[in-house]
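The structure under discussion appears below in the form of structure tokens.
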Amino acid sequence: MSTNQQLFDRAQRVIPGGVNSPVRAFRAVGGTPRFIARAQGPYMWDAEGQRYIDYIGSWGPMILGHGHPAVLEAVQKAALEGFSYGAPTEREIELAEAIIGLVPSVEQVRLVSSGTEAGMSAIRLARGATGRNKIIKFEGCYHGHADALLVKAGSGLATFGFPTSAGVPLEVVQHTLVLEYNNIAQIEAAFAEHGKDLACVIIEPIAGNMNFVRAQVPFVRRIRELCTIHGALFVFDEVMTGFRVALGGAQSVYAKAIPGFKPDISVFGKVIGGGMPLAAFGTSRDIMKHLAPLGPVYQAGTLSGNPVATACGLATLREVAKPGFYEALGASTQLLVAGLSAAARDAGVPFVGDSEGGMFGFFFSADLPQHYAAVLATDKDRFNRFFHGMLDRGVYLAPALYEAGFVSAAHTAADIAATVAAARGALAS
Ligand code: KE4
């Protein structure tokens with residue numbers, strides 16, 4: 001029995017499913033999860049010493065690659081000064097100032113420990129600031145596992161959501177309306193029917209939890225218009241896209257297509273923690289004044305703004321803010337997608353890919369899906385075979401059709417070429 005399997009068997013005795021987050025169990029693709037022993041640059045090594053070119057990057061945070069020297073030094077120095085104080089620190093101010101300096105729509109931020117916590121808090125803030133309860137999310141978008149967001153669509157606009165998870169009471173999701181991504185007619189009808197009761201619309205601007213699906217510009221523009229008309233808040237969940245697709249996040253990409261575009265509330269995570277538990281939500285000072293200790297919307301956290309995590313995040317942001325970082329990262333990512341497309345074309349396999357900055361996705365399909373149902377209609381079996389073909393050839397892709405991939409600044413042209421060569425082998429087998 002392989003060491004990975006032995007570890008998996010042992011893990012399953014003491015941890016549900018053997019993992020601390022479900023996607024890691026490989027249930028969507030089958031097979032035995034790889035237990036990672038160490039990582040460096042663009043590589044990870046499993047418990048059997050097998051090296052993988054890593055396109056998970058901890059699901060986004062490791063944009064610099066693993067073990068970047070400047071980040072490592074910052075974390076080691078911070079750790080020697082103390083792990084956690086439960087009191088304010090200058091470094092939290094520095095990180096908040098760095099985020100605000102890079103994202104014009106944000107005047108203040110609150111630091112928390114996970115994207116789930118940030119998304120949950122953003123929803124509570126939107127409800128508290130507007131005095132309204134109803135929210136809109138979109139099928140295929142994931143905003144963390146807060147109860148109000150574990151919802152699937154009801155039948156039509158009249159019925160609100162139903163829980164996607166056991167343990168979530170119907171009452172909790174009865175204020176959540178789930179619409180089809182990129183469907184302008186539905187968002188217009190929803191606002192026509194519920195506009196005065198809507199606290200917010202929350203969206204993944206590029207849906208990395210449907211692999212890689214872009215919100216179309218007219219769709220984003222219309223949501224912005226309707227939120228402004230009806231007094232609802234537009235929440236951009238940039239946990240995955242923030243500082244990943246561009247220095248200013250996805251909102252800076254949309255601001256190029258929609259002059260003056262700004263969401264009302266932004267949610268961040270992943271890259272801003274650099275691999276440590278750190279996330280954030282931010283908005284105008286006027287909305288933030290509703291948050292405790294200033295206002296009646298309660299939100300708190302023992303490790304919020306943790307001194308070691310903020311050191312890691314700050315060191316990471318300093319590196320990504322350097323001139324040319326995203327141009328180089330975007331070029332590497334485009335080279336990867338172009339190489340995979342060419343390999344699929346030469347193998348006669350329907351394939352389509354897309355990328356923005358250091359985030360990419362691909363489907364075994366002729367067309368790029370525009371919403372969740374279209375993603376599910378792509379060739380999942382071929383995706384799973386390809387996943388294992390690549391894993392066997394030392395390339396670690398996302399172990400699920402509905403997940404995005406991530407390139408780091410540590411991935412070289414040689415790593416990309418090796419990945420494409422592995423794809424040619426995987427597609428031929
Ligand atoms: P966390 O609570 O996992 O830090 O963040 C939740 C979250 C919120 N918003 C978006 C857009 C996200 O992508 C996530 C988390 N992403 C998943 C990957 N699809 C994390 C991986 C996992 O669940 O193990």
Side-chain angles (χ1 to χ4, degrees), residues 11 15-29 33-34 36 54-63 110-124 135 137-151 164-165 181 200-215 235-245 249-251 263 265-282 299 301 303-304 306 309 312-313 356-361 372 375 387 396-406:
I15 301 171
V19 292
N20 285 307
S21 200
V23 70
R24 303 176 190 173
F26 276 22
R27 289 198 166 218
V29 293
R34 300 309 191 258
I36 301 305
D54 174 20
Y55 289 103
I56 299 274
S58 177
W59 300 99
M62 308 317 295
I63 195 167
R110 173 61 59 86
L111 304 178
V112 296
S113 300
S114 74
T116 292
E117 203 181 342
M120 172 182 73
S121 305
I123 297 290
R124 186 180 309 132
I135 65 175
K137 77 174 289 288
F138 298 95
E139 198 173 29
C141 289
Y142 176 67
H143 306 290
H145 60 90
D147 282 358
L149 292 164
L150 293 179
V151 195
T164 55
S165 167
Y181 200 77
C200 69
V201 177
I202 184 168
I203 193 169
E204 283 188 70
I206 299 177
N209 288 285
M210 288 194 261
N211 192 306
F212 192 103
V213 181
R214 292 177 188 270
V235 182
F236 247 40
D237 180 345
E238 297 229 44
V239 167
M240 195 181 284
T241 56
F243 311 103
R244 166 57 68 175
V245 300
Q251 57 194 273
I265 300 177
S266 297
V267 185
F268 300 109
K270 297 180 190 280
V271 169
I272 69 163
M276 299 288 276
L278 193 151
F281 59 102
Q299 187 276 331
L303 298 179
S304 294
N306 174 270
C312 192
E356 188 71 39
M359 181 176 166
F360 70 95
Y372 188 57
V375 169
F387 169 81
Y396 198 125
L397 296 172
L401 165 65
Y402 47 79
E403 297 287 1
F406 306 96

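All ligand and atom numbering here is 1-based and tracks the order in the structure. Heavy atoms only: backbone and side chains are in, while hydrogens, waters and symmetry mates are out.
- Considering only residues two or more places apart in sequence or on other chains, Y402 meets the ring pair (Phe, Tyr, Trp, His ring centres under 6.0 Å) condition with none of them.
- Sequence neighbours left out, the pairs with a member in residues 205-215 that pass side chain to side chain donor-acceptor pair (under 3.5 Å) are E204-N209, R214-D354, R214-E356.
- When the ring pair (Phe, Tyr, Trp, His ring centres under 6.0 Å) test is applied to F236, the partners found at least two apart in sequence or on another chain are F234, F261.
- Residues R124 and Q299 have side chains that never bring a donor and an acceptor to within less than 3.5 angstrom of each other.
- When ring centroids are compared, F243 and F268 come within the 6.0 Å threshold.
- If you look at F387 and F26, their ring centroids are closer than 6.0 Å.
- For ligand 1, the 4.0 Å heavy-atom shell takes in S21, V23, W59, S114, G115, T116, Y142, H143, G144, E204, N209, D237, V239, M240, K270, E403, ordered by chain and residue number.
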